[in-house]
Q: 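What follows is a single structure, and I will ask about it in a moment.
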Amino acid sequence: MRHDKAKDHTIRKQNRISGRTVPLDLPPDEFRSAGHRLIDDIARLLSGIRVRPVTTAKSPRQIRALLTSPGIPKIGTSARRLLQDTTRMLLADSLFNGHPKFWGYVTSSPAPIGILGDLLAAGINQNVGAFALSPIATEIEAQTVRWIAELIGFRTDCGGILVSGGNTANFVCFLAARKAKATWDIRKQGLTGTGKQLRVYCSDETHTWIQKATDMYGLGTDAIAYVPTDQYQRIDVRALENQLKNDRKQGYLPFLLVGNAGTVGTGAIDPLRELAVIARKNNLWYHIDGAYGGFAAVLPDAHDDMKAMSEADSVAVDPHKWLYAPLEAGCALVRDPKVLQETFSYHPAYYRFDDNKEEAPINFHEFGPQNSRGFRALKVWLALKQVGRSGYERMIADDIALAHQLYEEIQKYPDLQALTCGLSITTFRYAAPNMRDGSSRSEEYLNKLNTELLARLQAGGKAYPSNALVQGKFALRVCIVNFRTTLDDVLALPPMVIALGKKIEKEWRLSGQRMSSPRNSGRSIKVPERR
Ligand SMILES: *Cc1c(COP(=O)(O)O)cnc(C)c1O
């Protein structure tokens, strides 16, 4: 020990610094001019976004080739030039979810004020793990959490935290459920504390986060009891009750029921009020996954089940979806703030509450998995202040209205088959009337045809839907979480789809392919995993 110290001392002596040049720092003038230029370039992107392709659909190999130097550069480059070159490269080959015809997965156009908010947050560089390190930022995050709860009709005195996205928000709530419902000290003893096996209940339309959660936190995916759904993709309540009864007989420990406030595939809303009753009766933690649809609860005429958020023990929502925050921002809300703290804190919970002179500060590291944390809340808070509740009501209502207008429009085209319409998601497929006999031969053909059609549509760069599986049917899925989308944008889609469908069928006929072996028969029908 003493020997090492001495050595350390000699080294420092030899490398003594007098005056310092810092390669990474930028002189104020350079920072200013590079920054102004960058803002100009982003402004140009936003103003011209409608006329550029959604994406260029190059292969990973082509994209990798654009990054010329394979190893780390030995010496540096001027910041200004570097930023210009990099901006040019990113503008050329990104996928622009801010494009008015981007409707894939659930990724929103980024709110311009959020773009600036992220820049500001990086400039101030707060560590929102502890109040002492981020005084105003901590209170802004706490206010953002309260506003989000208020927006969706959850209790505003809940616990809550901003995280990286919907998956993480669901994980945080999952861990709170596990802590609250395990009958032993699960944080200390892990899953070995009892002979009983924890079990979770959700519909078979539930997002893949539930698999990751059961896997990552040691329960294993066998702990999921997937309950079948009805013809509207909602959980079958009778089947759920039977499953619960059987599982108890088998000696399982049911602890968590998940309801969907908008499934990721088709925007289906589970019977959230009925689920609340079942959860209470069975002593289950009731969690609502509102990552996609939760914010639709802001609408005065929202579905009655969307107004049942306050029945839940926890809710996950995703500001980088329907609050249009730039990535990343998810939010976990837990009805009882003490439970959230007891799930993550390694200080006694009373630290926060026993100071009766002054309220103790919020230290967000005690309410989630992260220690050091960025200032995600700022971009969300700024957008909420910029447009208020009424602004979000209007944008979300418009997104939903556009999805419904598209659904109606599709029904005017004999070659298109409308499948579902829930919240702002419409699914349909290209299917000539004589192909709709429901035979497995026809269905296989239509699945291949629509898979190919979607791949070409996405690669074409004119519009970007994604896919859903609707009762075995490969569907084109348009999910509008996009304040730039107009009625003309959605009305342009059906003719585009029909033209492509006809073109593909013609090619397949010309190349003499039989139905069972179209051009791409080397590939089996592989349905891309949903996100
Ligand atoms: C998107 C989504 C998720 C996952 O959210 P990420 O932000 O992508 O991590 C979970 N559940 C539902 C219903 C979703 O739509």
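When a ligand or atom number is given, it counts from 1 through the structure's own listing order. Note: hydrogens, waters and symmetry copies are ignored here, and every other heavy atom, side chains too, is used. All of these numbers come straight from a predicted model, not from anything done at the bench.
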Q: Does N282 form a side chain to side chain donor-acceptor pair (under 3.5 Å) with Y201? I'd like the steps, not just the answer.
A: CA-CA 12 Å; N282 287 276; Y201 298 79; over 6 Å; no
Q: Take atom NZ in K462; do more than 12 heavy atoms of anything else shown fall under 6.0 Å from it?
A: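 No, the 6.0 Å shell around NZ holds no more than 12 heavy atoms from other groups.
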Q: Out of E205, K321, H207, whose heavy atom is nearest to atom 15 (O) of ligand 1?
A: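 Nearest heavy atom to atom 15 (O) of ligand 1 lies in K321.
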Q: Run the side-chain contact (heavy atoms from CB on, under 4.5 Å) check on Q233 and V470 step by step: do they pass?
A: CA-CA 9 Å; Q233 297 87 42; V470 181; 4.0 Å; yes
Q: Purely on distance, is any nitrogen or oxygen of D289 under 3.5 Å from one on ligand 1?
A: yes
Q: Please work out whether any backbone atom (N, CA, C, O) or any side-chain heavy atom from C-beta onward of N170 is under 4.0 Å from ligand 1, and answer side chain, backbone, both or neither.
A: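 Side chain only; the backbone of N170 stays clear of ligand 1.
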Q: Between ligand 1 and N260, is the shortest N or O to N or O distance under 3.5 Å?
A: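 Between N260 and ligand 1, no N or O pair is found under 3.5 Å apart.
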Q: Between T485 and D399, is any side-chain donor less than 3.5 angstrom from a side-chain acceptor?
A: no
Q: Please say whether the positively charged group of R484, taken as NZ for Lys or CZ for Arg, lies over the ring of Y324, i.e. under 6.0 angstrom from the six-membered ring centre and within 45 degrees of the axis.
A: no
Q: Of all the atoms in ligand 1, which lie at a distance below 4.0 Å from a heavy atom belonging to V264?
A: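 Here the atoms of ligand 1 in question are 15 (O).
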Q: If you count heavy atoms of other groups shown closer than 6.0 angstrom to CG of L120, is the number above 12?
A: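 Yes, enclosed.
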Q: Do ligand 1 and D318 have nitrogen or oxygen atoms that lie under 3.5 Å from each other?
A: yes
Q: What atoms of ligand 1 come closer than 4.0 angstrom to any heavy atom of A291?
A: 2 (C), 3 (C), 10 (C), 11 (N), 12 (C), 14 (C)
Q: Work out whether the distance between some heavy atom of E328 and some atom of ligand 1 is less than 4.0 Å.
A: no
Q: Identify, by atom number and element, the atoms of ligand 1 in contact range of H320, meaning under 4.0 Å from any of its heavy atoms.
A: 7 (O)
Q: Is any N or O atom of G165, backbone or side chain, closer than 3.5 Å to an N or O atom of ligand 1?
A: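 No, G165 has no N/O under 3.5 Å of an N/O on ligand 1.
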Q: Going by atom types only, do T221 and D215 share a side-chain donor-acceptor pair under 3.5 Å?
A: no
Q: Verify side-chain contact (heavy atoms from CB on, under 4.5 Å) between E205 and D270, making sure each step is shown before the conclusion.
A: CA-CA 10 Å; E205 290 285 323; D270 282 330; over 6 Å; no
Q: State the atoms of ligand 1, each with its element, that fall below the 4.0 Å cut-off from a heavy-atom position in N167.
A: 4 (C), 5 (O), 6 (P), 9 (O)
